[in-house]
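If you're wondering where the values come from, they're calculated on a predicted model, not measured in any experiment. When a residue number appears, it is its place in the shown sequence, counting from 1.
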Amino acid sequence: MNSKSGIKGQTAERSEKIPFPAQQGFTLLEILIAIFIFAVVMTTIYSAFNAVVSKNEAINEGRGLYEMTRNCLDRMVSDFSAIYVEQPPLYEPPDFDDPPDPYRFVCTEEMVGTQNFSRVRFAGNAHLPLGRDKNTGIAEIVYYVDELEPPKSGYVLRRKDRAYPYETEDRFEETDDDPIICKGIQAFSVVCYDNEGESQAQWDSEEDMGKYATPRSVEIQLTVSNGETKYPFKTAVSLPVYREKMEEGRQGP
């Protein structure tokens, strides 16, 4: 009996000496710090992701604007490269009461809204039949800037195309049916160069001042914008045909 009670006593004594493990956990301060760190990390990740997405959208928008403008310039280069100019003796300087030359070249500067833009008119073999128009051959081609009506705003570049025969005495009329070939126009100018390399912002092949010549080349300057960034473009076209100055004009029938 004594031995058993002694063993029990030793067992009880040992059990009293073995400590129980302390309960593990996080304090409120540690939880708040962890939440704060998590919030900082997530904010950083979101900001980086948002910046990447925004940059990608801007790149895509800029690429679309660039492609639209390049297509516009390519169209203009094709039109100028197909220009038609009537040469002497088929062409004779006009008398005072003669109708305008159907193949004349005219470049002017005109006020549209609050800005000055070029307007260029010439004849060429680059007619684009639209709708029921089945005519082919030489066409009157006009490039001009138009201001959009409210609620829309801004400037667009339009291309008017009429196949010959057309009424040469008709006053040029803008219509909403004229195709828009470029949007977001900030600046549009056509600079003409004569055979000596001198530049002119305006040109009329029917004027005696210019001796009834047509330009030797043209330089096209076009600036477009997406509302935030402006993109300037420039290209030059050496015209395949041109009429040299005619020193002696016709003095009557």
Fill in: Minimum heavy-atom distance between Met68 and Cys182, given as atom pair plus value
CE-SG, 3.9 Å
Worksheet item: Are Arg216 and Asp194 close enough that some pair of their side-chain heavy atoms sits under 4.5 Å apart?
Response: no
Worksheet item: How many angstroms lie between CZ in Arg121 and SG in Cys107, if you round to the nearest 0.5 Å?
Response: 12.5 Å
Worksheet item: Hey, any chance Leu157 and Val77 share a hydrophobic cluster, counting ILVMFWY side chains that come within less than 4.5 Å of each other, even indirectly?
Response: yes
Practice prompt. Grab the two heavy atoms, one from Ser217 and one from Ser238, that are nearest each other, plus how far apart they are.
Written response: CB-CA, 3.9 Å
Fill in: Distance (rounded to the nearest 0.5 Å) between Thr69 OG1 and Ile185 CD1
7.0 Å
Worksheet item: Say you draw a straight line from OH of Tyr91 to OG1 of Thr214; how long is it, rounded to the nearest 0.5 Å?
Response: 9.5 Å
Item to complete: Determine, step by step, whether Tyr84 and Phe122 satisfy the ring-ring contact (aromatic ring centres under 6.0 Å, His included) criterion, reporting the C-alpha distance in whole Å, the side-chain angles of both residues, the deciding distance to 0.1 Å, and the verdict.
Response: CA-CA 8 Å; Tyr84 177 84; Phe122 57 96; over 10 Å; no
Worksheet item: Just checking, any donor-acceptor pair under 3.5 angstrom between side chains of Gln200 and Glu198?
Response: no
Discussion item. Could you walk me through whether Glu219 and Thr235 satisfy the side-chain contact (heavy atoms from CB on, under 4.5 Å) test, starting with their C-alpha distance in whole Å, then the side-chain angles of each, then the deciding distance to 0.1 Å, before giving a yes or no?
Written reply: CA-CA 6 Å; Glu219 181 182 78; Thr235 189; over 6 Å; no
Worksheet item: Between Tyr242 and Phe105, is the ring centre distance below 6.0 Å?
Response: no
Item to complete: Verify, without hydrogens or angle tests, whether Asn226 (side chain) and Thr229 (backbone) share a donor-acceptor contact under 3.5 angstrom.
Response: yes
Worksheet entry | Shared hydrophobic cluster for Tyr103 and Val106 (ILVMFWY, side-chain gaps under 4.5 Å) | no
Item to complete: Please name the pair of heavy atoms, one in Phe188 and one in Ile220, separated by the smallest distance, quoted to 0.1 Å.
Response: CE1-CG2, 4.1 Å
Item to complete: First locate atom OH of Tyr144, then atom OH of Tyr155, and finally report the distance between them rounded to the nearest 0.5 Å.
Response: 15.0 Å
Worksheet item: Is the CD atom of Glu109 crowded by more than 12 outside heavy atoms at less than 6.0 Å?
Response: yes
Discussion item. Could you see if Tyr193 belongs to whatever hydrophobic cluster contains Leu239? Use Ile, Leu, Val, Met, Phe, Trp, Tyr and a side-chain cutoff under 4.5 Å.
Written reply: no
Worksheet item: Does Arg75 have any side-chain hydrogen bond (donor to acceptor under 3.5 Å, both in side chains) partners at least two apart in sequence or in another chain, and if so, which?
Response: Asp79
Item to complete: Write down the atom of Gln186, the atom of Gln115, and the distance for their closest heavy-atom approach.
Response: O-NE2, 3.0 Å
Worksheet item: Honestly curious: do Phe233 and Phe117 fall in one hydrophobic cluster under the side-chain, below-4.5 Å linking rule?
Response: yes
Discussion item. I need the Glu110 CD to Gln202 CD distance, nearest 0.5 Å.
Written reply: 9.0 Å
Worksheet item: Got Asp98 and Phe96 here, is their nearest side-chain heavy-atom distance under 4.5 Å?
Response: no
Item to complete: Is it possible for you to say whether Leu90 and Ile138 belong to one hydrophobic cluster, with membership spreading through side-chain heavy-atom contacts below 4.5 Å?
Response: no
Fill in: Backbone N/O of Ala213 and side chain of Trp203: donor-acceptor pair under 3.5 Å
yes
Worksheet item: Is there side-chain contact between Lys183 and Ile180, with at least one heavy-atom pair below 4.5 Å?
Response: yes
Discussion item. For Arg104, is there an ion pair with Glu206 - N to carboxylate O distance below 4.0 angstrom?
Written reply: no
Practice prompt. Determine whether Ser205 and Arg243 make a side-chain contact, defined as any pair of heavy atoms from C-beta on separated by less than 4.5 Å.
Written response: yes
Item to complete: Write down the atom of Val145, the atom of Val112, and the distance for their closest heavy-atom approach.
Response: O-CG2, 3.7 Å
Worksheet item: Does some side-chain heavy atom of Tyr231 sit less than 4.5 Å from a side-chain heavy atom of Thr223?
Response: no
Worksheet item: Could you state the interatomic distance from CE (Met246) to CD (Glu92), rounded to the nearest 0.5 Å?
Response: 7.5 Å
Worksheet item: So do Val218 and Phe80 actually touch side chain to side chain, heavy atoms under 4.5 Å?
Response: yes
Worksheet item: Is the cationic atom of Arg119 (NZ for Lys, CZ for Arg) positioned less than 6.0 Å from the six-membered ring centroid of Tyr143 and within 45 degrees of its normal?
Response: no
Item to complete: Take atom CD of Glu149 as the centre, draw a 6.0 Å sphere, and report whether it contains more than 12 heavy atoms from other residues, nucleotides or ligands.
Response: no
Practice prompt. Test Lys160 against Asp178 for salt bridge (charged side-chain N to carboxylate O under 4.0 Å, His left out), laying out the working first.
Written response: CA-CA 5 Å; Lys160 192 176 187 71; Asp178 296 338; 3.2 Å; yes
Worksheet entry | Side chain proximity check, Val241 to Ile83, heavy atoms < 4.5 angstrom | yes
Worksheet item: Could Asp146 and Arg158 be called an ion pair, given the rule that one side-chain N must be under 4.0 Å from one carboxylate O?
Response: yes
Worksheet entry | Verdict with reasoning, His127 to Asp161, per side-chain contact (heavy atoms from CB on, under 4.5 Å) | CA-CA 7 Å; His127 175 56; Asp161 182 341; 2.6 Å; yes
Discussion item. Quick check: closest heavy atoms across Ser225 and Leu65, and the distance to 0.1 Å?
Written reply: C-CD2, 3.9 Å
Discussion item. side-chain contact (heavy atoms from CB on, under 4.5 Å), that's the test. Do Leu148 and Ser153 meet it? Break it down for me.
Written reply: CA-CA 5 Å; Leu148 295 176; Ser153 61; 5.9 Å; no
Discussion item. A side-chain contact here means heavy atoms from C-beta on lying under 4.5 Å apart; do Asp101 and Glu86 qualify?
Written reply: yes
